[in-house]
Each structure stands twice: as structure tokens, then as C-alpha cells.
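Working notes, structure below.
Just follow the structure's listing: the first ligand is 1, and inside any ligand the first atom is 1. Residue numbers start at 1 and run along the sequence shown.
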Amino acid sequence: MKTSQAAANVLHKQWGSEAVQQYIGPFDQSYFAYAADESIRVNAASGGVITAMLDFALSSKAIDGALVCRSVVIDGRVTPQFFIATDRETLLTAQGSKYIAVEFNRDALPLIRAFNGRLAIVALPCDLTNLRRLAEHDADIRRKVVLMVGLLCGHNSRSELTEMVVDKIKPDGAVLIDYRYRQGHWRGELEAYFDNGEVIRKPFSYFSDYANLFYFCQQKCHHCHDHAAYAADISIGDIWSLRMKENPIKHNAVIVRTGTGVALFNAAVKGEAIRAQSEAIEEICEGQARSMPFHYNVSARARAGKKLGITIKDSVQAPVQWHELLTARMALKNEKRSRGTEGMKKVARIPRFILKLKLYVMKGLESI
Ligand SMILES: Cc1cc2nc3c(=O)[nH]c(=O)nc-3n(C[C@H](O)[C@H](O)[C@H](O)COP(=O)(O)OP(=O)(O)OC[C@H]3O[C@@H](n4cnc5c(N)ncnc54)[C@H](O)[C@@H]3O)c2cc1C
Ligand code: SF4
């Protein structure tokens with residue numbers, strides 16, 4: 001037995017049906033899947049299922065456009081940009097996860113309103129919930145939006161985190177011209193392109209160590225318990241189960257929720273755009289074993305926040321164990337510490353070995 005498989009067996013959590021219902025919400029089917037077309041997988045966040053499915057929907061005329069998000073660099077700063085792709089070539093420019101705050105209502109809604117045709121929307125859970133609510137009262141949105149694809153989401157980061165990381169790796173005097181958060185297998189690497197021709201590649205941990213410790217976390221995420229995009233027709237995420245680490249093809253976790261989702265996903269599998277294997281929902285949970293229970297437990301953050309002067313409404317009334325309280329306290333404290341220009345400077349000065357140490361402690365607490 002390979003080492004990571006043995007470790008996976010030891011670390012496997014027990015997922016009760018109540019917990020699954022709370023974390024995942026209503027669903028119909030669950031899969032591990034990947035894009036059949038290798039060229040779609042090259043720049044994908046994970047297995048490229050989102051892009052393969054949207055490409056299939058466009059080419060089979062199930063939709064006229066797909067609202068997606070790319071990152072552009074304006075004046076040396078990474079900026080997320082929503083747009084509507086109507087062909088494969090432009091769709092591909094949106095691949096990869098943008099771990100940077102987005103303004104869906106300000107930037108994406110006007111695009112939806114101005115578009116004349118049927119749309120698939122890709123968005124974070126909070127933005128999809130708002131869109132679903134809006135669609136209930138707005139016939140124009142209801143008519144246009146025919147599919148909602150939700151990203152699984154641990155939390156998102158303020159733009160300052162990206163700026164700090166770019167600043168740390170930037171060659172003297174060079175200006176950033178392109179940036180990718182995560183490329184390649186498993187955790188992958190970040191890639192930064194500069195105007196002097198240099199391309200700097202670093203392990204994704206240069207970014208994710210800060211993000212996983214909740215430095216620069218968006219404050220709205222403290223209040224959120226929706227990890228799995230309850231409002232989506234199809235929710236799609238990564239798989240961080242050790243059993244998948246040695247698989248040469250990175251897969252996506254896929255949760256199909258509604259009739260619309262079932263019809264399109266099954267058609268994309270039948271049309272050989274996506275390869276999918278049915279998996280128990282507990283296997284999807286296992287791929288989010290540490291982040292999902294933490295995310296759901298707003299109660300722990302509400303309690304921890306009291307001592308830190310951060311007011312969080314307890315929207316889930318979940319039981320809070322000692323280790324959950326400690327993890328919540330660490331996360332909130334780190335986020336608070338990273339606020340403002342002074343906060344950014346302080347965090348930038350933390351030595352990497354201290355970051356790693358804090359991360360081991362946090363991961364240990366989350367794994368209990
Ligand atoms: C902030 C954030 C947090 C996440 N947290 C988790 C997590 O905790 N667990 C997990 O399993 N997965 C998480 N994901 C999702 C995961 O990183 C992948 O995006 C997902 O698995 C899709 O992979 P793919 O290969 O199918 O995507 P691709 O085929 O590469 O397509 C990615 C799609 O995502 C869209 N997109 C990227 N970033 C954003 C954004 N910020 N806002 C709106 N749309 C965007 C793009 O438009 C594109 O259509 C997160 C993503 C983001 C952006
Ligand atoms: S954690 Fe919740 S509020 Fe934060 S970006 Fe994700 S879905 Fe939105």
C-alpha cells in the first residue's frame with residue numbers, strides 16, 4: 001500500500017448524515033470528474049470540468065453565453081474581471097481560480113442585464129445565493145439565467161494579499177504584467193510575469209500559507225457557512241483527499257443538485273466532454289475534511305469574535321468544541337492583524353518558518 005493511501009485510511013473522518021446535510025445541502029448526484037480534452041486541463045484550476053461543461057453547453061447551443069471571471073493586470077495590480085464568453089477561445093481565458101475579492105453585483109449583474117440570450121453563470125456561493133434570490137423577483141434574470149454553477153469556497157482574500165505576495169517575489173524595478181494563482185498538479189505553483197521578461201514561479205504555498213491562516217480574509221467570510229454553494233444547479237470544487245494525490249489527472253468534486261444540472265452534466269458526460277465516476281457524497285466531504293466543518297461553524301467564530309471585538313451573528317447554532325473555538329480564534333486574530341497598511345507590513349515581516357509552524361498548529365486543530 002502506498003504511504004499516502006495508508007495515511008488516507010488512518011485520517012478518514014466519519015461523516016454523519018446530519019453533518020452531510022448541513023455542509024452539502026440538497027443534492028441529487030455526486031462525482032469525481034475531469035475534462036476529457038487534455039488541452040482544457042492544462043490551465044484549469046483542477047480537472048477543468050467547469051470549462052469543459054460550459055464549452056459543451058455553448059457548442060451544443062444549450063446556452064448563448066457563459067458569465068465567467070478572468071484576472072487582468074492593470075497598472076501592475078491583479079484585477080478580477082467578469083465577462084461573458086460566447087466561444088471556446090474566450091472561455092479558456094477565464095480558467096483557474098482567482099483568490100481575490102470580486103464585486104459580483106457591481107461588475108457582473110450589469111453584464112447579465114445587458115445580455116440578450118440564455119446564460120450559464122459561474123460564481124462563488126454567496127454571489128449565487130444573492131442571484132437566486134434576485135431571480136425570484138426579477139423575470140428578466142429568471143429568463144436569461146438557465147444554469148448556475150457554484151464554486152466550492154473556503155473563503156476569499158482581499159486584494160492586499162495578492163499585492164503583498166507579488167511585492168515579495170518581484171524583481172527590482174520590474175512591473176507585473178500577468179499573474180496566475182495556481183498552475184499544475186496537486187497544490188501547484190503560482191506564476192508571475194514581469195515587464196522585464198522574467199517569469200517567477202513559486203510553490204502555491206507562497207500565497208496559500210497566508211490565505212490558509214486567514215490573513216487578509218474578506219470580513220464577510222467570517223459570517224458565511226455556505227461552503228458547497230447550496231443555491232447552485234451544480235457545485236464544483238477540488239479534491240484534497242490523499243487517495244487522489246498520486247492520480248496523474250487532477251479531478252474535480254462535482255455535486256449535481258437540480259434537474260437542470262442533472263440534464264446538462266449527464267449530456268456533457270454522454271457527449272464525452274467530461275469523464276465522471278460516481279462517488280458517495282462522503283467522499284466529496286472527505287476532500288474538504290478540514291475546511292468545510294470549520295467554514296460551517298459560524299457559532300465558533302461568533303463566540304471567538306466576542307473577545308476580539310468582532311461581532312458575528314451566530315446563524316447556525318452549531319455545537320462548539322474546544323478545538324473549534326481555538327481554530328476560530330486563530331483565524332479571526334490573524335485576519336484582524338492583517339487589516340490596513342500597518343497590518344500588511346506586519347504580516348509581510350513574519351518569517352516563513354513561523355508561518356509554517358502556525359499552519360501546522362491550525363491544521364492539527366482542524367483535523368481533530
Ligand atoms: C475564492 C475561491 C475559493 C475556493 N475555495 C475552494 C475550497 O475551499 N474547496 C474547493 O474544493 N474548491 C475551492 N475553490 C474552487 C476551486 O479552486 C476550482 O475553482 C474549482 O474546483 C473549479 O475547477 P475547474 O478546474 O473545473 O475550473 P476551470 O475550468 O479552471 O474554471 C474555473 C472557473 O471558475 C471561475 N472563477 C474563478 N475564480 C472566480 C471568482 N473569484 N469568482 C467567480 N468565478 C471565478 C472562472 O470564471 C472559471 O469559469 C475556490 C475557488 C475560489 C475562486
Ligand atoms: S466564504 Fe462565503 S462569503 Fe466568503 S467568498 Fe466564499 S461564499 Fe462568499
Worksheet, complete the sentence: Here the atoms of ligand 2 under 4.0 Å from any heavy atom belonging to Gly154 are 1 (S)

Discussion item. Return the closest protein heavy atom for atom 7 (S) of ligand 2 as residue, atom name and distance.
Written reply: Cys126 N, 3.3 Å

Worksheet, complete the sentence: Scanning both residues in full, the closest heavy-atom pair of Gln219 with Glu335 reads CG-OE2, 3.5 Å

Worksheet item: Side chain, backbone, both or neither: which part of His227 has a heavy atom under 4.0 Å from ligand 2?
Response: neither

Worksheet item: For atom 6 (Fe) of ligand 2, what is the nearest protein heavy atom, given as residue, atom name and distance?
Response: Cys153 SG, 2.3 Å

Worksheet item: Any non-hydrogen atom of Arg70 lying under 4.0 Å from ligand 1?
Response: no

Worksheet item: Is it the side chain (CB and beyond), the backbone, both or neither of His155 that lies under 4.0 Å from ligand 1, heavy atoms counted?
Response: backbone

Item to complete: Count the heavy atoms of every other residue, nucleotide or ligand shown that sit under 6.0 Å from CD of Glu18, and state whether that count exceeds 12.
Response: no

Worksheet item: Can you tell which part of Asn252 has a heavy atom less than 4.0 Å from ligand 1: side chain, backbone, both or neither?
Response: side chain

Item to complete: Could you tell me whether Tyr99 and ligand 1 have an N or O pair separated by under 3.5 Å?
Response: yes

Worksheet item: Under 4.0 Å from ligand 1, counting heavy atoms only, is it the side chain of Leu151, its backbone, both or neither?
Response: side chain

Worksheet item: Would you say the side chains of Arg88 and Ser59 form a donor-acceptor pair under 3.5 Å?
Response: no

Discussion item. Polar contacts were defined as any N/O atom of the residue lying under 3.5 Å from an N/O atom of the ligand; does this apply to Val68 and ligand 1?
Written reply: no

Worksheet item: Quick one: nearest non-hydrogen protein atom to atom 47 (O) of ligand 1, plus distance?
Response: Cys69 N, 2.6 Å

Discussion item. Applying ring-ring contact (aromatic ring centres under 6.0 Å, His included) to Tyr23 and His227, what does each step give before you reach the verdict?
Written reply: CA-CA 7 Å; Tyr23 299 154; His227 192 88; 8.6 Å; no

Discussion item. Quick test: of every protein heavy atom, which one is nearest to atom 35 (C) of ligand 1, and how far off is it to 0.1 Å?
Written reply: Val122 CG1, 3.8 Å

Discussion item. Yes or no: does Pro80 have any heavy atom under 4.0 Å from an atom of ligand 1?
Written reply: no

Discussion item. For the aromatic rings, using the six-membered ring if either is Trp, is the centroid distance between Phe207 and Tyr179 under 6.0 Å?
Written reply: no

Worksheet item: Met292 near ligand 1, heavy-atom distance under 4.0 Å?
Response: no

Discussion item. Please check whether Leu124 reaches ligand 1 - meaning an N/O of the residue sits under 3.5 Å from an N/O of the ligand, judged on distance alone.
Written reply: no

Fill in: Numbered atoms and elements of ligand 2 in range of Asn156, under 4.0 angstrom, heavy atoms
5 (S)

Discussion item. Would you say NZ of Lys168 has more than 12 non-hydrogen atoms from neighbouring residues, nucleotides or ligands within 6.0 angstrom?
Written reply: yes

Practice prompt. Measure the distances from the heavy atoms of His223 to every atom of ligand 2 and state whether one is below 4.0 angstrom.
Written response: no

Worksheet item: Just by distance, do the side chain of Arg180 and the backbone of Tyr193 share a donor-acceptor pair under 3.5 Å?
Response: no

Worksheet item: Got the closest protein heavy atom to atom 37 (C) of ligand 1, with its distance?
Response: Gly96 O, 3.2 Å

Discussion item. Under a 4.0 angstrom heavy-atom cut-off, which atoms of ligand 2 come close to Pro125?
Written reply: 7 (S)

Worksheet item: When you look for heavy atoms under 4.0 Å from ligand 1, do you find them on the side chain of Val102, its backbone, both, or neither?
Response: side chain

Practice prompt. Please identify which atoms of ligand 1 are closer than 4.0 Å to at least one heavy atom of Gly154.
Written response: 5 (N), 6 (C), 7 (C), 8 (O)

Item to complete: Could you check atom 27 (O) of ligand 1 against the protein and tell me its nearest heavy-atom contact, residue, atom and distance included?
Response: Ala45 CB, 3.8 Å

Discussion item. Below 3.5 Å, N or O to N or O, backbone or side chain included: is there any such pair between Ser97 and ligand 1?
Written reply: yes

Practice prompt. Indicate, as side chain, backbone, both or neither, the part of Arg182 found under 4.0 angstrom from ligand 1 when only non-hydrogen atoms are considered.
Written response: side chain

Worksheet item: ligand 1 and Gly48, any nitrogen or oxygen pair closer than 3.5 angstrom?
Response: yes

Worksheet item: Above 12 or not: heavy atoms from other molecules or residues under 6.0 Å from CZ of Arg77?
Response: no

Worksheet item: Would one find an N or O of Leu152, backbone or side chain, under 3.5 Å from an N or O of ligand 1?
Response: yes

Worksheet item: Can you find an N/O atom of Ala123 closer than 3.5 Å to an N/O atom of ligand 1?
Response: no

Discussion item. Can you tell me if, anywhere in His155, an N/O/S atom lies at a distance from atom 6 (Fe) of ligand 2 that is smaller than 2.8 Å?
Written reply: no

Discussion item. I'd like to check which ligand 2 atoms, numbered from 1 as shown, lie under 4.0 Å from a non-hydrogen atom of Cys224.
Written reply: 1 (S), 2 (Fe), 3 (S), 7 (S)

Response to the item:
In this structure, atom 16 (C) of ligand 1 is nearest to the protein heavy atom Asp238 OD1, 3.3 Å

Discussion item. Assess, by modelled atom type and distance only, whether the side chains of Thr162 and Tyr181 contain a donor and an acceptor separated by less than 3.5 Å.
Written reply: yes

Fill in: Which residue and heavy atom of the protein sit nearest atom 46 (C) of ligand 1, plus the separation
Ala94 O, 3.2 Å

Worksheet item: Do any nitrogen or oxygen atoms of Val49 lie less than 3.5 angstrom from nitrogen or oxygen atoms of ligand 1?
Response: yes

Worksheet item: What is the nearest protein non-hydrogen atom to atom 31 (O) of ligand 1, stated with its residue, atom name and distance?
Response: Thr51 OG1, 3.5 Å

Discussion item. Using a plain distance cutoff, I'd like to know if Trp240 has any nitrogen or oxygen under 3.5 Å from a nitrogen or oxygen of ligand 1.
Written reply: no

Practice prompt. Considering heavy atoms of the protein only, find what lies nearest to atom 53 (C) of ligand 1 and give residue, atom and distance to 0.1 Å.
Written response: Lys98 O, 3.6 Å

